[in-house]
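First up is the structure itself, then whatever we jot down about it.
In what follows, chains carry the letters A, B, and so on, assigned in the order in which the sequence lines appear, proteins first and then strands, with residues in each chain numbered from 1. Please read all numbers here as calculations on a predicted model, not as lab measurements.
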Amino acid sequence: MTASTTKPTEIVLRPSADDYRIAGYAAAAIAITIAEGALPSPLPGVKPGLANIIILVVLLKHGWKDAAWVSLLRVFAAALVGGTFLAPGFFMSLAGAICSLTVLGLSCRLPAAWFGPVSHSVVAAFAHIGGQIVVARLWLVPHDGVFYLLPIFGLAALVFGIVNGLVAGQLMKDDGVATPRSGVQGMQSSSAPTDGMELSK
Amino acid sequence: MNAWLTCLRPGDALTLALAVSLVVTLFATLWSNTRADRAIIRQGGELVAEHSLITERRIEVEGPIGKTVIELAPGRARVVSDPGLRQYCVQQGWLTRVNAVAICAPNQVSLMLAGRGSGNRHDSLNY
């Protein structure tokens, strides 16, 4: 009998500076999402989506890829912490996040000197409710009556989209990053979800 | 306040204008009182049934020449079949607006839609 000399395989994951940065932003976004869940809402599903301020800032400072990471981490982690993972509300949040990320990917191609955080925030907010209402119609409420809520959700997206965009712009200014950039720079570093409101939960 | 407004860029005004017009359009189209929410069915001038247009439902009404079949669905209603010769009421298809009427004259059956604030907006109908 001879003792085996092979060593067990060791896998070491070394987080990069990018990983730490994304994790920090995601933690802030998750904390805001959970805190916001405790706030009373005048209409189920209508929420300010304050976590999207973080995502907008990440979008404008570090680019679309980072913002997408933060946004999706927020959706998954907030659902796990809140106990809604794989529940209907989770899928609605996910649909809203994917739609707003897609729209932000496009809006970032607009000239940055002309379109700032408010534009990004507003279009993403509308995309967010659009994605959520489609999931609601196809899956949760198989009835056109769900569309009667669209005006309210649209109004909330408009108001919260503007407010979140202004706050993000102000934070960027404090950071000294608010100067208009070219469209190419915007492509390299931007885009994430900014739901002015969330329909879910 | 001015400090906040400095975040705005020229194109943002265009985005906001489009967003505002979208919201106004949503209110105008979805919350105007022209969408029907219930169907009123009469036979021989007598009220036979009145149902909300929330769920799907099929209603059969007996008239002097046979059976008229009416179908209700969320937000709309139609006459599916009628024993009348010319089938005008069937060919009208789905009715969606308040005060819309499908009249199956030979069988004396009428289907009318009503809704919030419908009232009697029309003094008469002309064909």
Measuring from A:L155:CG to B:L26:CG, what's the distance to the nearest 0.5 Å? 10.0 Å
Give the minimum heavy-atom separation between A:F147 and B:L30, together with the two atoms involved. O-CD1, 3.1 Å
Determine the minimum heavy-atom distance between A:A112 and B:R9, stating which atoms define it. O-NH1, 2.6 Å
Grab the two heavy atoms, one from A:S119 and one from B:T15, that are nearest each other, plus how far apart they are. OG-OG1, 2.7 Å
Give the C-alpha distance, both sets of side-chain angles, the deciding distance and a yes or no for side-chain contact (heavy atoms from CB on, under 4.5 Å) between A:F126 and B:V23. CA-CA 10 Å; A:F126 277 93; B:V23 172; 3.8 Å; yes
Short question: side chain of B:D12, backbone of A:G116 - any donor-acceptor pair under 3.5 Å? yes
Taking every non-hydrogen atom, the tightest pair across B:P10 and A:A113: CD-O, 3.9 Å
Would you mind checking which part of A:L150 comes under 4.5 Å of any heavy atom in chain B, side chain (CB onward), backbone (N, CA, C, O), both or neither? both
When the 4.5 angstrom heavy-atom criterion is applied to B:V20 and chain A, the contacting part is both
Taking atom CG of A:L171 and atom SG of B:C7, what is their separation to the nearest 0.5 Å? 9.0 Å
Nearest-0.5 Å distance that lies between atom CG in B:L18 and atom CG in A:L158: 11.5 Å
